[in-house]
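As structure tokens, the structure follows; a few thoughts come after it.
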Amino acid sequence: MPLSQKATIHDVAHHARVSVSSVSRALNNYPHVSEALKTRVVEAAEELDYQPAFLAHSLRRGETNSIGFLVGSIANPVISTIYEAAAEALATNGYAVTLVSSRNQADLDSACLRLLASRQVSGLIVSSASESPEPARRFIQEANIPTVMLDRAPVEGERVFAVQSDHASSMRKAVRHLVANGHRHIGFIGGPQGFYPTQQRFRAYQEALAEAQIPARGELIRFAAFTEADAFAEALLLMRNRPLPTALIVAGNIILIGALGALQDRQLAVGRDIALVACDDIHLTQLYRPPVTAIRRDLNLLGKTAARLLLQGIANNGNRTDRVIKLPTQLVIRESSDFLREA
């Protein structure tokens, strides 16, 4: 197809090897459309750069009163809490929210965004499966839909908003807390290295160790995907080293579950054999015995701030001076780390 020629719904149907009516039902999120068919159609539309002709006009007029919310995984309790807070704030302003998940697959981010755009959403809140600016971010820019990124770093020049957490300050406090309790071998398991939260947490971890004149041991540093299985495997690899870490920081609530499994597998007692600090103060950190020291962020505030920022962006046609809002975090010290290491 020539570059100057726009794809039609018939082109998408031919490319996906389905009927035109199937394309329409899939792109308009009709009930009883299988996920397999929906994915097939959306991917075909993405490959052909197809976008309904009415979309741009509808978005400019802002008449849809619906918001698209893209998440990596709906199973993540942190994301679900943020979503509930944002959806409630948007509902009070007359907006309905459509939630889609890319199942932590970066290549599905743009497909999901196209699906939301086909629903003529007035704005987007995005917690993408990848920090990569391509192709999902290219689509956001070209679609010109007011967008708020959740804990992601906008690329310079992007006309998007962002709500971020101050991961670094509390991570530095966590390392200082462990050092003060006599720890010198402090392990770190982060999320995927490209993510903004991982980058901020890891840099602060390194800075706090340097401040205490403790070398960062490469063998005590691991990065895991956001799955329990991968976190379990990475934690086991970390604990094969000698000397063993006397303290461990896990940067993510899903990673925490995998790390706890690995500690049990190695028969290391949290709060006695090893100190533990988690990022995100979820129910597990409070219910586990001993309770787990955690870096807390106000997830409700994060969701409400994202909603407020997006509504202001929609009202002002995407124009704001404060395009990035950073929210504070807090270190909550509990029994998992609040003990002096024996010399």
(request) Using the side-chain contact (heavy atoms from CB on, under 4.5 Å) rule, take Ser66 and Tyr95 through it: C-alpha gap first, then chi angles, then the decisive distance, then the call. (result) CA-CA 5 Å; Ser66 66; Tyr95 284 85; 5.8 Å; no
(request) Could you please spell out the steps behind the side-chain contact (heavy atoms from CB on, under 4.5 Å) verdict for Tyr288 and Leu260? (result) CA-CA 10 Å; Tyr288 191 81; Leu260 285 172; 3.7 Å; yes
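- Judged purely by distance below 3.5 Å, without hydrogens or angles, the side chains of Ser337 and His177 pair a donor atom with an acceptor atom.
- A side-chain donor-acceptor contact under 3.5 Å links Ser336 to the backbone of Thr293.
- Separation of the Phe195 and Phe226 ring centroids falls under the 6.0 Å cut-off.
- Ionic pairing of Arg334 and Asp281 is present here: one or more N-O contacts between side-chain nitrogen and carboxylate oxygen are shorter than 4.0 angstrom.
- Below 30°, between 30° and 60°, or above 60°: for Phe339 and His183 the angle between ring planes is above 60°, a perpendicular geometry.
- Atom NE2 of His185 is surrounded by more than 12 heavy atoms from other residues, nucleotides or ligands within 6.0 Å.
- Rounding to the nearest 0.5 Å places CZ of Arg184 at 10.5 Å from CG of Leu178.
- In this structure, CD1 in Ile145 is found 8.0 Å from CG in Leu113, a value given to the nearest 0.5 Å.
- Between Asp109 and Ser102, the side chains place a donor N or O and an acceptor N or O closer than 3.5 Å (distance only, hydrogens not considered).
- Take Arg172 and apply the salt bridge (charged side-chain N to carboxylate O under 4.0 Å, His left out) test, not counting sequence neighbours, and it matches Glu207.
- Between the side chains of Ser169 and Asp166, at least one donor-acceptor pair of N or O atoms lies under 3.5 Å.
- Counting non-hydrogen atoms of neighbouring residues, nucleotides and ligands closer than 6.0 angstrom, the CD1 atom of Ile74 reaches no more than 12 such neighbours.
- Glu46 and Ser110 form a side-chain donor-acceptor contact under 3.5 Å, judged by distance and modelled atom types alone.
- A salt bridge links Asp49 with Arg114: the distance from a Lys NZ or Arg NE/NH1/NH2 to an Asp or Glu carboxylate oxygen falls below 4.0 Å.
- Remark: the Asp230 side chain and the Thr227 side chain contain no N/O donor-acceptor pair separated by less than 3.5 Å.
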(request) Take Val163 and Leu309, measure what side-chain contact (heavy atoms from CB on, under 4.5 Å) needs, and give me the verdict at the end. (result) CA-CA 8 Å; Val163 180; Leu309 193 57; 3.9 Å; yes
(message) Apply side-chain contact (heavy atoms from CB on, under 4.5 Å) to residues Ile295 and Val332 and explain how you reach the verdict.
(response) CA-CA 6 Å; Ile295 293 174; Val332 181; over 6 Å; no
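- The CG atom of Leu108 lies 9.0 Å from the OG atom of Ser101; values are rounded to the nearest 0.5 Å.
- Annotation: ring pair (Phe, Tyr, Trp, His ring centres under 6.0 Å) contacts of Tyr83 (sequence neighbours excluded): Phe69.
- A distance of 9.0 Å separates CG of Leu116 from CG of Leu99, quoted to the nearest 0.5 Å.
- A salt bridge between Arg240 and Glu219 is absent, with no side-chain N of the basic residue lying under 4.0 Å from a carboxylate O of the acidic one.
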Side-chain atoms of residues 262-269: list all donor-acceptor pairs with protein atoms under 3.5 Å, sequence neighbours left out, distances to 0.1 Å.
residue	atom	partner	partner atom	Å
Arg266	NH1	Met239	O	2.7

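- Among the candidates Arg297, Lys326, Arg201, the single residue satisfying the salt bridge (charged side-chain N to carboxylate O under 4.0 Å, His left out) test with Asp151 is Arg297.
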